[in-house]
Amino acid sequence: WDSEVLSRDHVWLVQFYSDVSQPSRDFSAAWEAAAKQLNSYVRCGRVDVSEAPRLHRRYADGDAVRIAQLDLDRNNLVGAVPSSLGRLDALQELSLSGNALAGAIPPALGGCAGLRVLRLSHNALTGPIPPALGACGLLEELRLGHNRLTGALSPELAALRALRVLDARSNGPALGG
């Protein structure tokens with residue numbers, strides 16, 4: 001594990017599973033399909049927790065996912081930005097620019113307390129910028145240009161002391177429209 005995964009420059013996506021649990025068996029087909037699609041971008045692996053309990057305890061944190069950077073720019077993604085991304089408490093950078101994402105920016109993203117970079121530009125997002133993003137006190141870069149966002153910036157966003165880049169151009173009324 002240490003020589004193959006930890007000391008390499010590759011990005012790894014690892015599934016900890018147990019053959020005795022039904023959800024793990026149901027998830028395996030989806031995992032295999034995702035691993036095949038991602039193989040040219042990241043290395044994928046599976047670890048049976050019954051054969052490697054020490055490894056599981058060391059790297060698995062219950063249901064908490066430890067992702068620091070998620071860059072899915074220009075991947076033809078459609079639909080809404082998932083509010084479940086707000087549960088990624090270790091997330092520092094989220095980049096979903098250049099897709100076809102629509103709907104509101106989920107206020108749940110304010111749950112990413114360590115978020116430093118949020119890029120959602122060049123989508124079809126609508127509505128106001130959620131004041132809940134003001135809870136991301138480490139936010140340095142917020143790129144929301146080229147959407148259909150409306151309204152004014154909230155006092156919560158204006159109070160972000162670390163914010164160095166705010167791009168809200170080419171949006172709806174009051175936001176660079």
Side-chain angles (χ1 to χ4, degrees), residues 8-15 30-31 33-44 59 61-177:
R8 300 286 175 117
D9 288 334
H10 305 293
V11 174
W12 278 86
L13 183 61
V14 177
Q15 174 197 13
W31 174 260
K36 285 178 186 172
Q37 287 183 321
L38 293 171
N39 199 30
S40 62
Y41 303 104
V42 298
R43 302 273 172 100
C44 298
Y59 292 101
D61 186 19
D63 291 333
V65 177
R66 297 284 180 219
I67 297 175
Q69 180 180 11
L70 185 58
D71 184 346
L72 295 171
D73 287 350
R74 297 175 299 283
N75 272 282
N76 298 315
L77 300 175
V78 296
V81 175
S83 61
S84 58
L85 291 173
R87 294 194 313 249
L88 299 176
D89 60 354
L91 193 62
Q92 296 176 16
E93 183 174 328
L94 176 59
S95 193
L96 301 173
S97 294
N99 287 293
L101 298 170
I105 298 171
L109 290 180
C112 299
L115 196 63
R116 294 182 181 275
V117 176
L118 178 58
R119 295 185 191 114
L120 300 173
S121 59
H122 296 275
N123 281 292
L125 299 171
T126 58
I129 301 171
L133 291 180
C136 300
L138 301 175
L139 196 61
E140 299 170 2
E141 180 181 331
L142 180 58
R143 296 192 184 266
L144 303 171
H146 303 276
N147 281 291
R148 297 180 192 138
L149 299 170
T150 58
L153 292 178
S154 70
E156 293 87 350
L157 289 171
L160 287 171
R161 295 188 189 270
L163 193 62
R164 301 290 176 252
V165 176
L166 172 61
D167 179 2
R169 66 185 156 174
S170 298
N171 271 290
L175 268 183

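Index from 1, following the sequence. Computed from heavy atoms alone, side chains included, the values below leave out hydrogens, waters and symmetry copies.
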- request: Show your reasoning for whether side chain to side chain contact (heavy atoms under 4.5 Å, CB included) applies to Leu85 and Leu70.
  value: CA-CA 10 Å; Leu85 291 173; Leu70 185 58; 3.9 Å; yes
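- Side-chain atoms of Asp167 come within 3.5 Å of backbone N or O of Arg169 as a donor-acceptor pair.
- Without hydrogens or angle criteria, Asn147 side chain to Leu101 main chain gives no donor-acceptor distance under 3.5 Å.
- For the pair Pro106 and Val81, the tightest heavy-atom approach, listed with the atom from each and the gap, is CG-O, 3.5 Å.
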Donor-acceptor pairs are to be reported for all side-chain atoms of residues 107-120 against protein atoms at under 3.5 Å, with residues two or more places apart or in another chain.
unit_1: Arg116; atom_1: NH1; unit_2: Glu140; atom_2: OE2; d: 3.1
unit_1: Arg119; atom_1: NE; unit_2: Glu141; atom_2: OE2; d: 2.8
unit_1: Arg119; atom_1: NH1; unit_2: Glu93; atom_2: OE2; d: 2.9
unit_1: Arg119; atom_1: NH2; unit_2: Glu141; atom_2: OE2; d: 3.3

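- Distance check: Thr126 OG1 to Asn171 CG gives 10.5 Å after rounding to the nearest 0.5 Å.
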task: Could you please spell out the steps behind the side chain to side chain contact (heavy atoms under 4.5 Å, CB included) verdict for Leu160 and Leu166?
output: CA-CA 11 Å; Leu160 287 171; Leu166 172 61; over 6 Å; no
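- Between Ser121 atom OG and Asp73 atom CG the span is 7.5 Å, to the nearest 0.5 Å.
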- prompt: Does the side chain to side chain contact (heavy atoms under 4.5 Å, CB included) test come out yes or no for Val165 and Arg143, once each step is laid out?
  reply: CA-CA 7 Å; Val165 176; Arg143 296 192 184 266; 3.5 Å; yes
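- Rounded to the nearest 0.5 angstrom, Leu138 CG and Cys136 SG are separated by 8.5 Å.
- Remark: Ile105 CD1 to Leu144 CG distance equals 4.5 Å, nearest 0.5 Å.
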